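Quick caveat: nothing in here was measured; it's all calculated off a predicted structure.
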Amino acid sequence: MTDIDFQEIEKKWQDRWAKDKAFEADPDPEREDFFLTVPYPYTNGALHIGHGRTYTIGDMIARYRRMRGYNVLFPMASHMTGTPILGMVERIKAGDQEAIEQYTRDLRLYLETEEEVEEQLAKFTDPWTTARFFADAISSDFKALGYSIDWRRKFTTGDKIYNKFIEWQYHKFMDKGYIKQGDYPLLYCPNCKNPVGEDDLLEGATAKIKEFTAIKFPFKDGFLVAATLRPETIFGITNMWINPNVTYVWVKVDGEKWVVSEEAAEKLRLQAKNVEIVEEFKGKEIIGERFQAIHDEHETLILPADFVNPKNATGVVYSVPGHAPFDYVALRDLWDDPSGLKKYGISAEEVRDINIIGMIDIEGYGNHPAKEAVEKRDIKSQEEEEKLEAATQEVYKAEFYDGVMKDNCMQFSGRHIKDVKEDVVRWLKSKNRSDVFYEPDQRPVICKCGTDVQVGVFAGQWFLDYQSPGWKEKAREALDEMKIVPETFRNLFEATFDWLTQRPCARKRGIGTRLPFDREWIIESLSDSTIYMAFYTIVHKITSNKILPEQLTLDFFDYVFLGHGKAKNVAEDTGIDYELIESMRSEFLYWYPNDQRHTAPSHISNHLSFAIFHHVAIFPKKHWLQCISLNEHVNMEGGKMSKSKGNVIPLVEIPQKYGADVYRTYAISAAEPGSLMDWREKDVPAVRNRIRQFVDILSNYSENAPRVYNKKDKPKTITRWALSRANSTVRDATDYIERFRLRDYAIMATSEMISLVNDYLARPGVPTEEREGTIAYICDIWVRLFAPIAPHICEEFWSRMGHEGYVSFAQWPAADERLIDESIERSHHVVEATIRDIREIQKLLKGQKKKAAHVYVAKEWMFEALDIIKESDVSFVVGDLMKRLMSEPSIRTRGQEAKSIVDRIVKENGLWEYSASSEEELGALDESADYMSNELGLDVVVYSADGPDYDPENKARFALPGRPSLFLE
RNA sequence: GCGGAGGUUGCCAAGCCAGGUCAAAGGCGUAGGGUUCAGAUCCCUAUCUCGUAGGGGUUCGCGAGUUCGAAUCUCGCCCUCCGCACCA
């Protein structure tokens, strides 16, 4: 066994690559370009083993393409815009223990002593320092994993030059009319006076905003305002519910008078309404009064109900007892016991006279589904909230999907509920009878400050309108022409495209680029990282030439990225050297488009879709994204990784703990990109062992002179097999990479190659020179085949083999088709199968020690018969097969034996592997006799079934192609 | 709810798209043997079940169907996981 110091070798080659600037890519008109990007990491902490999977796959692709002769650009930058870094800095400043602990943990990974950790932590009161620290940490992690990145092009999204680029991008959107301003609802904390994100919440982290329709029922000189999710039910209204003990208010809202609960008035204010409280009163004061229904304007009664929660929506509830179980039960309670009504001046008769209105037909229900759902559950009172909730869900679901509006629904009659909703809202709106009212979709939602979170509507919110005319169509066109690998993810893109409407692209806090036309706003961090791949193509020239942000004008970017205007004018206006501008333009044109973008599928619904949209908005078609490839996340020992569980392995630990090549091999071979990868500590040794075997074999054989033994050299069959297998493996492996079957490729480049060499070495009787020359030839292929996965160890052997340049730039091994001999590979298979068969017999005959195995190979005509069946399209039915064979005169004379073949085929329900001819099968087995003897511990003698010298048990007649018959004695 | 992915032999996981050579790769675990002073992150063999001759039986979430033939195709059912907007 060879002892190998992975760390030392890895360091050595990383240093050499850096010293030679091996991966700094410049345009080369002689070579075709390949521009690969993986999204830059967000630099608010240490990266872990899961991030590493994505970057490792990216690097593997870059390395493979380089070996295929492409001029590969693989750049990297870092992301710091947005709120997380700022948020963490604020928490550190505020002395938040959790934040301090988390950062201390991360810092310890990179710093030697506690003093250094504390010193660095003390500097984390500035987001830039934090971001820079982790950006540096991450690039050193990436280097230590052997990523072949062009580091000259690194930047951060906080850089002033980047801001200039983003400003240009947003001017472009503005010009196209894609940026709009309008009201936008957000979860909002009234106490902090800020919008709240998931991280700001103590409870209800998954809360979303639900849009209610506020329906304005005419009442006195204003409106009773009830908010609902089911506006189509206004046709079933029988009364209004008001909680008698709750404080309601008359408020002036944008010139109208509304009645809502006191709490709701406050919500309206947050929802950008102009609210003025005119009068407060208790609910009981209006109970017994009448208001107007909307569809038929008939006078309708206000009734008391304790279940009405003033904190819920507007605190005003319109009652549809035919379809809402809560309403039905409340009404039923009043029918059963009208005694409480007297004090409101309502008579029992008035309430009894209320007719429940059925207004939706659904199969399986009668006229009043709510009543049925309540009775089915035997609900006795308003107190049984859970049961009522279930009944509501049941009715709602049934009505939404299968319900049809009845005749009493005016122009909406006969239409399906799921289609009619929006039209009802539009109709209400046109009559000035509705408004929009927002609520969180769950309660409670509580801010970390302890306050109940509400919905706030931001007036003047800037957003990108992905529904702008023509935009989606263009994006869909781009998607249709783009390669998505694995292809299964395409429909996720399609679904996202359908669902994208408006998206806020700016907000008031966080780090980032200010909106050029409204500097109070900062461009949101997912919206500022969509076309920056273009920036990579020129950024190194901006920095190395010390171009100032002010020089990066709109015209400058227009010229460099779009070819608009004249370089001469840009040079004059900006003071940037004319030649430099031209060289940036041509460098952009050389690299762009982005040939492949590789990342995780979780970005499909935002980042990746935005990237496609933004590209089509700004660039001409030839510069659209070409391909998106994806890999799933990483699990840890079968469970999710999380810092709180402490089961996260940081990237920085990988080189010492496992070795970069071992990690890389694991990351690529453990799962196909499209499926979740599980990191199992127990499986690491197996991976390391595979590399170790590679190292052993290359150490022993790679320095010999490679030699291909052609037919004229009369090599052993097993040598021809090894040559064939090596080449077919290369062919298959290459095919796998091209189809993004990276795991299968990795298995070819490791396990398959190892077992090929081991199988070959296990064969006695190959002359040393022939064996060593052949294995050296295999090593020469292998070291290149494996290089994209394990570049360090492969560089080491490549150089030991006496090659001048880096294996990183060596030519990808091409399969030599002339050496691939399927027939020899099949014969090899027959030999292995025969060994297995003999073993099985030995096992069954345990106790009886056998000395020899006699192997009988089928007669030649049987091979021909099988070939006939293989080539003709007959079904595996005895009659059909026999008919086919009997039509061949040469077989017709052997009907009896032919039947035995046919029986076997029918029984097996198909064909099996067999050699090209009897002679070849005989040759392969005969040549393998010594090997088989070694493996089995008994003498092996091979005969042709056609007149064997020795066949005491008359076994030869059972031999079939690929299934020699056996006799053990 | 909407959208997506998936349920395979002790565990993990291939195979399914292009049905037959599938009792179903590989890894882990387990058992036996070897190398070794010993051990292992070493090598070999075995690992659904029955069988003293390479064979039989029963398996791929459940149920039905298509087919000469289904882990693979179709339909229904059950279950699990993931994403869902201002969060990178």
Between [N] and [M], how many Å separate the two [atom1] atoms, rounded to a whole number?
| N | M | atom1 | result |
| --- | --- | --- | --- |
| G57(B) | U41(B) | P | 41 Å |
| G55(B) | G39(B) | C1' | 42 Å |
| C43(B) | A24(B) | C1' | 26 Å |
| C50(B) | G76(B) | P | 40 Å |
| A25(B) | G15(B) | P | 13 Å |
| A88(B) | U80(B) | P | 32 Å |
| G6(B) | C75(B) | P | 15 Å |
| C44(B) | U49(B) | C1' | 25 Å |

Touch check for [X], heavy atoms < 4.0 angstrom, all strands: base, sugar-phosphate only, or nothing?
| X | value |
| --- | --- |
| Phe967(A) | base |
| Leu968(A) | base |
| Asn44(A) | nothing |
| His607(A) | nothing |
| Glu969(A) | nothing |
| Ser602(A) | nothing |
| Thr83(A) | sugar-phosphate |
| Leu492(A) | sugar-phosphate |

Respond yes when some side-chain nitrogen or oxygen of [X] is under 4.0 Å from OP1 or OP2 of [N], and no when none is.
| X | N | result |
| --- | --- | --- |
| Asn491(A) | A5(B) | yes |
| Asn689(A) | C42(B) | yes |
| Thr488(A) | G6(B) | no |
| Arg741(A) | A14(B) | no |
| Gln693(A) | C42(B) | no |

Need the pair for [N]. Rule: Watson-Crick or G-U wobble, both distances under 3.5 Å, any strand; none if unpaired.
| N | value |
| --- | --- |
| C2(B) | G83(B) |
| U67(B) | none |
| U35(B) | none |
| U9(B) | none |
| U49(B) | G56(B) |
| G76(B) | C62(B) |
| C17(B) | none |
| A40(B) | none |

By nearest atom, which of the nucleotides [options] is closest to the [X] side chain?
| X | options | result |
| --- | --- | --- |
| Arg739(A) | A88(B), A18(B), A14(B) | A18(B) |
| Pro84(A) | A14(B), C87(B), C43(B) | C87(B) |
| Ile841(A) | G54(B), U45(B), A88(B) | G54(B) |
| Asp678(A) | A88(B), C12(B), C43(B) | C12(B) |
| Asp837(A) | A14(B), A88(B), G54(B) | G54(B) |
| Lys843(A) | G54(B), A88(B), U47(B) | U47(B) |

Using the ring centroid of each side chain, check whether [X] and [Y] are separated by less than 6.0 Å.
| X | Y | result |
| --- | --- | --- |
| Tyr663(A) | Trp679(A) | yes |
| Phe173(A) | Tyr170(A) | yes |
| Tyr658(A) | Phe6(A) | no |
| Phe958(A) | Tyr856(A) | no |

*asked:* Please evaluate residues Phe497(A) and Tyr466(A) with respect to the criterion ring pair (Phe, Tyr, Trp, His ring centres under 6.0 Å), reporting the C-alpha separation (whole Å), side-chain torsions for both, the decisive distance (0.1 Å), and the verdict.
replied: CA-CA 9 Å; Phe497(A) 282 24; Tyr466(A) 289 107; 9.1 Å; no
[atom1] of [X] versus [atom2] of [N]: gap in Å, rounded?
| X | N | atom1 | atom2 | answer |
| --- | --- | --- | --- | --- |
| Phe489(A) | G3(B) | CZ | P | 18 Å |
| Arg490(A) | A5(B) | CZ | P | 14 Å |
| Glu840(A) | U52(B) | CD | C1' | 13 Å |
| Leu676(A) | G6(B) | CG | C1' | 11 Å |
| Glu211(A) | C84(B) | CD | C1' | 17 Å |
| Ile511(A) | A88(B) | CD1 | P | 11 Å |
| Phe958(A) | G55(B) | CZ | C1' | 13 Å |
| Leu742(A) | A14(B) | CG | P | 14 Å |

*Has Lys508(A) got its NZ or CZ under 6.0 Å from the middle of the six-membered ring of Trp521(A), at an angle within 45 degrees of the ring axis?*
yes
*Cation-pi check, Arg741(A) to Tyr736(A): give yes when NZ or CZ is under 6.0 Å from the six-membered ring centre and within 45° of the ring axis, no otherwise.*
no
Can a salt bridge be assigned to the pair [X] and [Y] using a cut-off of 4.0 Å between side-chain N and carboxylate O?
| X | Y | result |
| --- | --- | --- |
| Asp732(A) | Arg739(A) | no |
| Asp759(A) | Arg763(A) | no |
| Glu637(A) | Lys682(A) | no |

*State, to 0.1 Å, how close Ala858(A) and Pro961(A) come at their nearest heavy-atom pair, and which atoms those are.*
CB-N, 3.4 Å
*Shortest non-hydrogen separation from Glu672(A) to Leu742(A) and the atoms involved*: OE1-N, 3.0 Å
*Run the side chain to side chain donor-acceptor pair (under 3.5 Å) check on Asp528(A) and Thr81(A) step by step: do they pass?*
CA-CA 8 Å; Asp528(A) 78 0; Thr81(A) 44; 2.9 Å; yes
*Where protein sits on nucleotides 21-36 of chain B, one letter per nucleotide: B base, S sugar-phosphate only, - none, heavy atoms under 4.0 Å*: B---B-SSS-------
*Closer to the 5' end of RNA chain B via nearest nucleotide, is it Pro185(A) or Arg688(A)?*
Arg688(A)
*Hey, could you give me the CD1/CG distance between Ile628(A) and Leu479(A), rounded to the nearest 0.5 Å?*
8.0 Å
*With a 4.0 Å heavy-atom cut-off, tell me which residues in residues 497-506 of chain A come close to RNA chain B, sorted by residue number.*
Trp499(A), Thr501(A), Gln502(A), Arg503(A), Pro504(A)
